[in-house]
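Here's the structure we're looking at; comments come further down.
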Protein chains: 2
Amino acid sequence: MTLDREQVLRSAAALLTRRSTATMDEVARAAGIGRATLHRHFAGRDALVRALEDLGIQEFEAALDAAVLDEGTAEEGLRRLVAAVEPVAGLLSFLVSENQLFEGDEVNDGWNRLDARVSAFFRRGQERGELRIDLTPAWLTEALYGLIGTGAWAVQVGRVAGQDFQYMIVELLLGGARRSVEE
Amino acid sequence: MTLDREQVLRSAAALLTRRSTATMDEVARAAGIGRATLHRHFAGRDALVRALEDLGIQEFEAALDAAVLDEGTAEEGLRRLVAAVEPVAGLLSFLVSENQLFEGDEVNDGWNRLDARVSAFFRRGQERGELRIDLTPAWLTEALYGLIGTGAWAVQVGRVAGQDFQYMIVELLLGGARRSVEE
DNA sequence: CCCAAGTGAGACAGAATCGTCTCACGGGTG
DNA sequence: CACCCGTGAGACGATTCTGTCTCACTTGGG
């Protein structure tokens, strides 16, 4: 009887990731609830997206915590991070592309905090000599987001096997970021 | 007096890349023309997107031709490709994200042809021993698209210097794809 | 100089979506 | 068992966008 708010948000994220113009009615149908009920819990589309943001930030932050980026090498940390992030990849990629919409009007500072943590992680890797220094932490951070989004989509359409998600991303990103002897 | 169709499409791409929900009126304003004129040349939003697709495919194909991927090493080919693609990066990233919308109903086969060319390029690189074989050509292709889109956005918001666009993408992607002695 | 073609601005109806409201239904609780 | 809260379904007006049309204006060619 009582609405499962989390389940609604997850199905909404899954739908909006594929089609960001989806109707409130479609979002409701996808969640298996009525449009009226959806409006009772989220006062309009903006509120829904805001709730998705909060959920995404919260889950991404949890993934960052779970990855304990401080421990071990940069490679180990990144592998843990990507593994922890995989279940949230769809939601995350939605928010990243959605962030481009909010034209600087109100950038969620929770997002900035996450950016800072990821960026700092890459910077530490550079300082320890584990990562190349000619690729900026900001770019590595953006590239990580982009690859996660691309990977999630590639898996969804069957272009990449789901079990290869982590491997593909980490190997590609890290191989590029890792200091190479040749060259 | 006569409408510059190409210029309209470019400004439309620039706008729609940032905000895919932009109104026909906004698209017209951005192009500096009236909404009526826009409708005279593109019968509806779908036709506009279709025209953008055609333009993007055409320009990407031209970039592929200009890059002469067959000549030289995979690294040289990729550098030429990214350089040739840079001016079209915005349009390209729009189409990639837009492609996710067309839910398989009518996949432009021109797009498949381009995919095949890029994918074949990576495969040749693998067969020649220049690229790692544990990352599939399909994934490398998707990753290239993703990084181009991410890079274009990062430059647009000032997170990455515009002059670093090519370097960042090629170094990251190639470093990951290139066979590494360590490991 | 005049005319034809293309354009911009605005009006207009139709369609789609939104947000709210009402009402009947059903499960859980006292 | 009866009550009550939350829900689904649908109606409703308001808003927004769309696509088409008209009309006056500008520009370039004859």
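Remember, it's a predicted structure, so these values are computed and weren't measured experimentally. Labels below follow one simple rule: chain letters A, B, ... track the order of the sequence lines, proteins then strands, and each chain is numbered from 1.
Remark: P of C:dT7 and CZ of B:Arg5 are 13 Å apart, rounded to the nearest angstrom. Between the CZ atom of B:Arg29 and the P atom of C:dG8 there is a distance of 10 Å, rounded to whole Å. Per the geometry, CG belonging to A:Leu38 stands 10 Å off P belonging to C:dG19, to the nearest Å.
Checked for salt-bridge contact, B:Glu127 and B:Arg123 miss the test: no charged N lies under 4.0 Å from a carboxylate O. Under the 4.0 Å criterion applied to side-chain N and carboxylate O atoms, B:Asp54 and B:Arg50 are not assigned as salt-bridge partners. With respect to the salt-bridge test (charged N to carboxylate O, under 4.0 angstrom), the residues B:Arg124 and B:Glu130 do not qualify. The existence of a salt bridge linking B:Glu171 and B:Arg79 is confirmed by a sub-4.0 Å separation between a basic side-chain nitrogen and an acidic carboxylate oxygen.
Contact annotation: A:Thr37 side-chain N/O to D:dG8 OP1/OP2 distance is under 4.0 Å.
Qualifying salt bridge (charged side-chain N to carboxylate O under 4.0 Å, His left out) partners for A:Arg80, counting only residues two or more places apart in sequence or in other chains: none. Taking B:Arg117 as the reference, B:Glu61, B:Asp65 meet the salt bridge (charged side-chain N to carboxylate O under 4.0 Å, His left out) condition, with sequence neighbours excluded. By the salt bridge (charged side-chain N to carboxylate O under 4.0 Å, His left out) test, B:Asp115 pairs with A:Arg159, sequence neighbours left out. Remark: B:Ser93 pairs with B:Thr17 by the side chain to side chain contact (heavy atoms under 4.5 Å, CB included) rule, at least two apart or across chains.
Note on the helix from C:dC1-D:dG30 to C:dG30-D:dC1: angle between the axes of the first and last five pairs equals 10°, rounded to 10 degrees.
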Item to check | Sequence-aligned protein contact record of nucleotides 16-24 of chain D, with B where the base is within under 4.0 Å of a protein heavy atom and S where only the sugar-phosphate is | outcome: -SBBBBB--
